[in-house]
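All figures in this text were calculated on a predicted structure; none of them were measured in a lab. As the structure lists them, so they are numbered: ligands from 1, and atoms in each ligand from 1. Only heavy atoms go into these numbers, but all of them, side chains included; no hydrogens, no water, no symmetry mates.
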Amino acid sequence: MDVCLSSVQQPQRLAQAPRTPGGWLETEEESTVLEDGTGGPPAGSNKTESSLLSLLKFVPTDYASYTQEHYWFAGKSIIIQESIESFGAVVWPGATVLCQYLEEHAEELNLQDAKVLEIGAGPGLVSIVASILGAQVTATDLPDILGNLQYNLLKNTLKCTAHPPEVKELVWGEDLEENFPKSTFYYNYVLASDVVYHHYFLDELLTTMVHLAKPGTAVLWANKFRFSSDYEFLDKFKQVFDTTLLAEYPESAVKLFKGTLKWD
Ligand SMILES: C[S@@+](CC[C@H](N)C(=O)[O-])C[C@H]1O[C@@H](n2cnc3c(N)ncnc32)[C@H](O)[C@@H]1O
């Protein structure tokens, strides 16, 4: 079985085209990535498809080399374009654990039409699986990561998900109320895999998780535990979230937690 949209090819590098910081082309020219060479949507495509295909007018984040890695979740072959040049362009062990949990518990989690936001989505595997399982997904990450993330989401979900996943910039701790106002946004699930490692934004990460969680929201966080700082983050997580260990893989040191706000 192939990925959902086999006609989406590797986007070409368009060095002359203008780019936003997120890697998006602002050109109105026809897309160069379609197999039929016309640059327009395939015959018979509807308006939604057509507008989705227009999103293919972007240059992926500018890594020098890529690999195509194959995964199988939710009954589908998923091909992820990865690059070892960025932490955010490879699939980390927590992602596969979270994907496995989502596919095994899709009904119990009521993922169909659920509102889901992923933080630190990286190359997008978790968001793709949640989307295939029927959720309305917003995948977020740093600006530099979004081009490759968007490419992988489109490549693997176009024409085969009820709700096309969205991509949005979300820098932990920054402009949260402006970009995700509490009065407007509600998520059933906030997903996070391997967002805790050796970096300087752990407080901002926790602030972001708390901001995005409302009564009824479950934070599903999978992480490989390597450093003492990972356990310190877990302690802080437990101070604000009622925390349940959902799965643990000692051989890979990956743990999966569910957190709901203590005042939920
Ligand atoms: C270790 S990678 C994990 C990627 C993906 N979740 C996975 O498990 O395959 C950590 C991710 O967090 C993102 N990230 C790191 N610092 C961030 C910050 N301050 N704000 C938003 N995202 C950040 C990185 O860009 C990267 O995509």
| ligand 1 contact by Gly94, heavy-atom criterion under 4.0 angstrom | no
| message | Test of understanding: given a 4.0 Å heavy-atom threshold, classify the contact between Leu170 and ligand 1 as side chain, backbone, both, or neither. | response | backbone
| Glu204 and Trp172: which non-hydrogen atoms are nearest, and at how many Å? | CB-O, 3.5 Å
| said: If I apply the N/O under 3.5 Å rule, does Gly120 come out as touching ligand 1? | reply: yes
| remark: Residues Gly122 and Asp141: closest non-hydrogen pair is N-OD2, 2.8 Å
| note | With heavy atoms and a 4.0 Å threshold, my read on which part of Ala121 contacts ligand 1 is backbone
| Any idea which atoms of ligand 1 are less than 4.0 Å away from a heavy-atom of Val91? | 9 (O)
| message | Ring centres under 6.0 Å, that's the criterion: do Trp221 and Phe241 meet it? | response | no
| message | Tell me whether ligand 1 is touched by Val90 - counting only heavy atoms on the residue side and a distance under 4.0 Å. | response | yes
| request: State plainly whether the residues Lys224 and Asp230 are in salt-bridge range, i.e. N to O under 4.0 Å. | output: no
| Going by atom types alone, do Ser65 and Glu85 pair a side-chain donor with an acceptor below 3.5 Å? | yes
| Considering only protein heavy atoms, which is closest to atom 14 (N) of ligand 1, and at what distance to one decimal place? | Trp172 CH2, 3.4 Å
| Heavy-atom pair with the smallest gap, counting every atom of Ala106 and Leu133 | CB-CD2, 4.0 Å
| task | For Gly88, take its heavy atoms, then give the atoms of ligand 1 lying under 4.0 Å from any of them. | result | 26 (C), 27 (O)
| said: Quick test of your reading of the structure: of Phe87, Phe201, Tyr197, whose heavy atom lies closest to atom 10 (C) of ligand 1? | reply: Tyr197
| task | With heavy atoms of Gly122 as the reference, note each atom of ligand 1 found under 4.0 Å away. | result | 4 (C), 27 (O)
| request: Could you check atom 25 (O) of ligand 1 against the protein and tell me its nearest heavy-atom contact, residue, atom and distance included? | output: Asp141 OD1, 2.6 Å
| Considering only the protein, which heavy-atom contact is closest to atom 9 (O) of ligand 1, and what is its distance? | Trp92 N, 2.9 Å
| request: Give the ring-plane orientation class for Trp92 versus Tyr197, where under 30° counts as parallel, over 60° as perpendicular and anything between as tilted. | output: tilted
| task | May I ask you to decide if the ring planes of Tyr231 and Phe225 are parallel, tilted or perpendicular, using 30° and 60° as cut-offs? | result | tilted
| Nearest protein heavy atom to atom 7 (C) of ligand 1, by residue and atom, and its distance? | Ser193 OG, 3.4 Å
